[in-house]
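What follows is a short report on a single structure.
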Amino acid sequence: MDRIAHLLGADEGWQRPGPTAAQRRTDVLIALVVFVLAAVSIEFLRSLGMLDGKSSLLDVLGQHGSALSAAILLVWRRSHPLLIAVLANAHLYVIGTIQPAVASGLVMQVLYFFAVYSGVAWARDRRGLSYVLTGLVITLSLWLAWVFALSSGLETLMRNLGADDVGASGLFSPAVGTIGLVSLNNVLFLGGAILLGQVAWRGAMHTLRELEHAATIRSQAARLRDQAVVAERLRIARELHDVVAHHVSVMGVQAAAARRVLEKNPDAAREALGAIESSSRNAVSQMRDLLGTLRSGQLAADGASEEDGSDPAAAGGGSGTPDRAPQPDLDDLEELVAVSAGPNLEVSYTLVEEVPGAASEVPAALQLTAYRIAQESLANVRRHSTASRASVVVRVGSELEVEVLDNGAPRHGTAGTGLGQRGIRERAELLGGDVEIGPRRGAGYRVRAVLPLGVPAEVAR
């Protein structure tokens, strides 16, 4: 029995959903059509005199009642498949005994076949189905044995099949031929219904699982899109934080210097104010570039096109052809170091190349990351440290290394939010790198990032 249950899908761990309201309405319509066809078929048999002359009103009502009672079972063929399969077979045996001509009609035979097929195709308890089918096979065998055991039953079958001893030329006698033919037909009838029902059940299972897989893929794709949006927002947030923190701190240092020398050395004050002006313009320009990039990406995501009146080229400002400045790279570090220095802070920059010209071969994403790490580190030195000297060292070999050192101690009352250092770590991790941040032995602070020269494809895009 376990073997039969396994073949029927009891181990699949899937249960076919019950019928929908539309399917229930369809079954009612099917039952009505089958009854009409069966009733017409009965009248054809009556017209041909094949119902043994049973033409009284009671006989006619009984014949049509048999068709109706069988057809009405189809209304519940999907909601109670096993019960309907059992009742349909019981109906076949009862009507086949008392009204054999009605039960053997084509429409009624199709009805019984359809009931067994539905039982196999829609049964939700596959192990229970194995017991039901075993019972149907045993019942069919006993019923055929009972029919063949009765002399009148066998004679009736032989007469219906037109079998007699006159003109018989086969390998078997008419009686054996009748038994064999009837048995074969019934086995094929029941076996065909079971086989087609099992094929339909497995087809429904695979179809539903494919739909579930498709829904899972759509859900995962939506989740990946959301993650991409979050990652892009984090990137923009890091860029804005680094840009604003750097330029605001530079303006603060230069403003303090200008205030101190405003009366004693107007030229130095003028130079400091010029640096403030330049830094503010750079900050506004870089923020405009970042927001323009964000705006362009949003337009692309929304499917903006010339047809709907939007112009992605003008996303960042009023002109139709914006001039986007390139993102900072290693060549810009010298300028960064120059503007980061102040009256009380000396900053140096050193580039170490294992092979001459190796810095120019570093991927743009790595160069931008190295620049932002140095920018954030120097901004932290100005805001939170008492350092008088700081150094930026970039080493290009098998890896890209950025190291920022200072000789100061933490300045009291200037504790930050930690977002700057968190941004440094996130940038490095995005590129598969490592970061070391912390106090140096003795005095000072150290930020060191090591980045592999290979850039993941999604980061490069």
Side-chain angles (χ1 to χ4, degrees), residues 238-290 325-352 370-394 402-421 423-424 437-448:
R238 288 194 297 266
E239 294 288 335
L240 285 174
H241 175 274
D242 292 348
V243 168
V244 172
H246 168 71
H247 289 288
V248 170
S249 62
V250 168
M251 288 187 287
V253 171
Q254 297 294 346
R259 179 176 56 81
R260 293 191 184 97
V261 300
L262 181 59
E263 297 180 355
K264 298 179 181 179
N265 191 347
D267 291 337
R270 188 179 299 108
E271 182 179 350
L273 292 175
I276 293 174
E277 179 183 6
S278 175
S279 185
S280 64
R281 287 178 178 175
N282 288 336
V284 172
S285 176
Q286 292 187 37
M287 285 191 293
R288 183 182 294 116
D289 288 341
L290 289 173
Q327 292 282 15
D329 54 22
L330 295 179
D331 293 336
D332 297 309
L333 280 175
E334 289 188 11
E335 181 181 354
L336 173 67
V337 168
V339 299
S340 298
N344 300 319
L345 179 62
E346 177 185 343
V347 185
S348 63
Y349 169 63
T350 304
L351 174 63
V352 181
Y371 180 91
R372 294 302 187 198
I373 290 174
Q375 184 183 56
E376 175 61 25
S377 300
L378 292 176
N380 286 338
V381 171
R382 290 190 300 270
R383 288 196 303 265
H384 309 304
S385 175
T386 62
S388 60
R389 291 191 310 274
S391 64
V392 177
V393 180
V394 175
V402 182
E403 185 177 50
V404 180
L405 304 174
D406 69 72
N407 64 346
R411 183 180 299 166
H412 297 293
T414 62
T417 62
L419 293 177
Q421 292 186 356
I424 291 175
I437 301 177
R440 299 168 60 189
R441 179 175 299 178
Y445 206 78
R446 181 191 192 208
V447 176
R448 178 176 178 269

*Of all heavy-atom pairs between V392 and A374, which one has the smallest distance, and what is that distance?*
CG1-CB, 4.2 Å

*Does a side-chain heavy-atom distance below 4.5 Å link V347 with L378?*
yes

*Check whether any side-chain heavy atom of Y371 sits under 4.5 Å from a side-chain heavy atom of L330, and report yes or no.*
no

_Return the CD to OG1 distance between E403 and T350, rounded to the nearest 0.5 Å._
10.5 Å

_Rounded to the nearest 0.5 Å, what separates atom CD in E346 from atom OG in S391?_
10.0 Å

*Answer yes or no: is there a side-chain heavy-atom contact under 4.5 Å between N380 and R383?*
yes

*asked:* Tell me whether the count of non-hydrogen atoms from other residues, nucleotides or ligands lying under 6.0 Å of CZ in R446 goes above 12.
replied: yes

*Is there a donor-acceptor pair under 3.5 Å between the side chain of R411 and the backbone N or O of S385?*
yes

*Distance from L405 atom CG to R440 atom CZ, nearest 0.5 Å?*
4.5 Å

*Can you tell me if T386 uses its side chain to pair, donor with acceptor, with the backbone of A409 under 3.5 Å?*
yes

*pair Y445-V381: side-chain heavy atoms closer than 4.5 Å*: no

*If you round to the nearest 0.5 Å, how far is CG of L345 from CG of D406?*
8.5 Å

*May I have the step-by-step check of side-chain contact (heavy atoms from CB on, under 4.5 Å) for V402 and R448, ending in yes or no?*
CA-CA 6 Å; V402 182; R448 178 176 178 269; over 6 Å; no

*Would a 4.5 Å heavy-atom cut-off, applied to side chains only, mark Q375 and S340 as touching?*
no

*Residues forming a side chain to side chain donor-acceptor pair (under 3.5 Å) with S388, sequence neighbours excluded*: N407

*What distance do L333 atom CG and Y349 atom OH have between them, rounded to the nearest 0.5 Å?*
4.5 Å

*With the side chain counted from C-beta on, respond yes when I424 and S377 share a heavy-atom pair under 4.5 Å apart, and no when they do not.*
yes

